Amino acid sequence: MNDGFVKVAAASVPLWVADCAYNAQQCAAAVLRAKSLGVRVLVLPELCLTGYTCHDLFGQEALRHGALTALAQVAEATAGAGVLTFVGLPFAWGGRLYNCGAALYDGAVLALIPKTHIPNYGEFYESRYFAPAPSTTGQVSGFWSQGRKVPFGGMVLFTHPELPELSVGCEICEDLWAPRQPSQDLALAGATVIVNLSASPAVIGKGTYRRDLVIGQSARLVCGYLYACACCQESTQDLVYSGHNLIAENGMILAEST
């Protein structure tokens with residue numbers, strides 16, 4: 001952090017739907033690119049290790065295991081990078097499947113943050129696959145965490161090891177659209193930056209609405225807000241994406257890609 005400022009990034013990565021190995025390579029490349037640019041916080045799109053439009057493939061153990069293998073690979077890419085990185089993946093726990101963001105730093109998985117609000121309207125039918133975040137925070141572990149137990153829950157804050165003034169909270173896509181957003185509670189708990197992993201499709205008029213939401217949330221919470229969205233390479237016959245990434249602070253857009 002330099003004079004109270006920190007370099008952050010929201011990035012869309014080219015994905016192949018259900019090809020976790022390829023997606024891990026792309027996410028790892030984004031981490032290395034962020035490192036070269038001096039970025040300290042990087043957020044990538046929702047379910048970026050699998051692709052959002054996998055649909056019923058989310059029920060297959062092969063895809064879920066592939067996502068965890070990809071998670072371990074991207075975590076390894078963060079070793080020595082100094083970049084607090086957030087990636088999206090499906091994660092099964094307690095007999096239910098969750099749409100999660102994973103926080104990675106210095107070669108390790110720090111936590112898994114499940115999506116709180118599951119959309120089931122219009123072009124979305126996530127409740128067919130995913131459960132909403134549990135009301136309490138638990139602990140999970142596996143080969144992807146090298147056997148270490150890490151937090152699993154929505155109310156988790158991350159303080160950058162090299163930047164103690166920076167406190168980061170995470171929510172996922174629909175969480176921003178809901179009447180009560182997880183970021184409200186995260187900001188009240190001390191978050192100064194909120195990251196949002198998203199796969200919001202390109203629909204006429206939605207870009208303006210999305211921008212207004214990000215601006216308004218950063219203003220209400222007096223924080224930085226990083227919003228990363230899926231890009232065109234992930235588009236299918238079901239949904240089309242444009243990679244609309246946004247970075248706002250205190251009610252002002254600082255950077256935007258369309």
Side-chain angles (χ1 to χ4, degrees), residues 8-11 27 31 40-50 52 58 64 67-68 70-72 74-75 78 83-94 96-106 108-119 126-127 129-142 144-145 148-161 166-178 180-200 214 217 221 223-230:
V8 299
C27 291
V31 172
R40 311 312 292 272
V41 180
L42 170 67
V43 56
L44 299 176
E46 180 179 13
L47 294 169
C48 60
L49 295 182
T50 59
Y52 181 87
F58 285 124
R64 299 195 300 271
L68 292 174
L71 177 65
V74 181
T78 67
V83 184
L84 177 60
T85 303
F86 293 83
V87 298
L89 76 159
F91 182 76
W93 183 62
R96 309 186 82 179
L97 187 63
Y98 298 91
N99 179 345
C100 291
L104 315 175
Y105 186 78
D106 198 22
V109 179
L110 302 183
L112 293 177
I113 303 95
K115 189 173 184 176
T116 299
H117 300 284
I118 306 299
E126 277 191 44
S127 61
Y129 322 110
F130 299 115
S135 58
T136 58
T137 298
Q139 289 190 320
V140 294
S141 64
W144 46 270
S145 67
R148 296 180 303 103
K149 291 184 177 180
V150 301
F152 176 85
M155 284 301 298
V156 182
L157 289 179
F158 304 91
T159 300
H160 197 295
L166 179 65
S167 183
V168 184
C170 174
E171 61 186 6
I172 302 175
C173 200
E174 184 71 13
D175 290 342
L176 176 60
W177 270 260
R180 180 175 178 83
Q181 306 86 18
S183 53
Q184 294 177 357
D185 294 325
L186 290 166
L188 288 172
T192 54
V193 170
I194 301 294
V195 301
N196 187 314
L197 299 79
S198 179
S200 180
V214 171
Q217 197 70 350
L221 304 183
C223 70
Y225 200 99
L226 283 59
Y227 184 97
C229 193

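Worth saying up front: this structure is predicted, and the values here are computed from it rather than measured.
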Is the closest side-chain heavy-atom distance between [X] and [Y] below 4.5 Å?
| X | Y | value |
| --- | --- | --- |
| Tyr129 | Pro90 | no |
| Trp177 | Ser200 | yes |
| Leu110 | Val150 | no |
| Leu186 | Met155 | yes |
| Leu42 | Leu226 | no |
| Phe158 | Val41 | no |
| Pro45 | Cys229 | no |
| Leu176 | Tyr227 | yes |

Looking at every heavy atom in both [X] and [Y], which two are closest together, and how far apart are they?
| X | Y | answer |
| --- | --- | --- |
| Arg64 | Ala92 | NE-CB, 4.1 Å |
| Phe58 | Thr50 | CE2-OG1, 3.6 Å |
| Glu46 | Asn99 | OE2-ND2, 2.6 Å |
| Tyr105 | Thr78 | C-OG1, 3.6 Å |
| Trp144 | Leu112 | CH2-CD1, 3.9 Å |
| Cys100 | Ile172 | C-CD1, 3.6 Å |

| field | Polar side-chain atom of Thr192 near backbone of Ser167 as donor-acceptor pair, under 3.5 Å | value | yes
| Does Arg180 offer a backbone N or O that forms a donor-acceptor pair with the side chain of His117 under 3.5 Å? | yes
| query | Would Ser183 and Asp175 count as a side chain to side chain contact (heavy atoms under 4.5 Å, CB included) if you check the C-alpha gap in whole Å, the side-chain angles of each, and the deciding distance to 0.1 Å? | reply | CA-CA 8 Å; Ser183 53; Asp175 290 342; over 6 Å; no
| request: Would you please test Glu171 and Ile194 for side chain to side chain contact (heavy atoms under 4.5 Å, CB included) and show each step? | output: CA-CA 7 Å; Glu171 61 186 6; Ile194 301 294; 4.1 Å; yes
| Stepwise side chain to side chain contact (heavy atoms under 4.5 Å, CB included) test for Leu71 and Leu104 | CA-CA 9 Å; Leu71 177 65; Leu104 315 175; 3.7 Å; yes
Would you compute the distance between atom [atom1] of [X] and atom [atom2] of [Y] and round it to the nearest 0.5 angstrom?
| X | Y | atom1 | atom2 | result |
| --- | --- | --- | --- | --- |
| Leu166 | Thr159 | CG | OG1 | 7.5 Å |
| Cys48 | Leu89 | SG | CG | 8.0 Å |
| Leu197 | Cys173 | CG | SG | 9.5 Å |
| Leu47 | Lys115 | CG | NZ | 7.5 Å |
| Ser127 | Ile118 | OG | CD1 | 8.0 Å |
| Leu68 | Phe91 | CG | CZ | 6.5 Å |

| said: Holding to ring-ring contact (aromatic ring centres under 6.0 Å, His included), I want the full list of residues that pass it with Tyr98, two or more places apart in sequence or in another chain. | reply: Phe152
| task | Take Thr85 and Val87 through the side chain to side chain contact (heavy atoms under 4.5 Å, CB included) test and state the conclusion after the steps. | result | CA-CA 7 Å; Thr85 303; Val87 298; 4.1 Å; yes
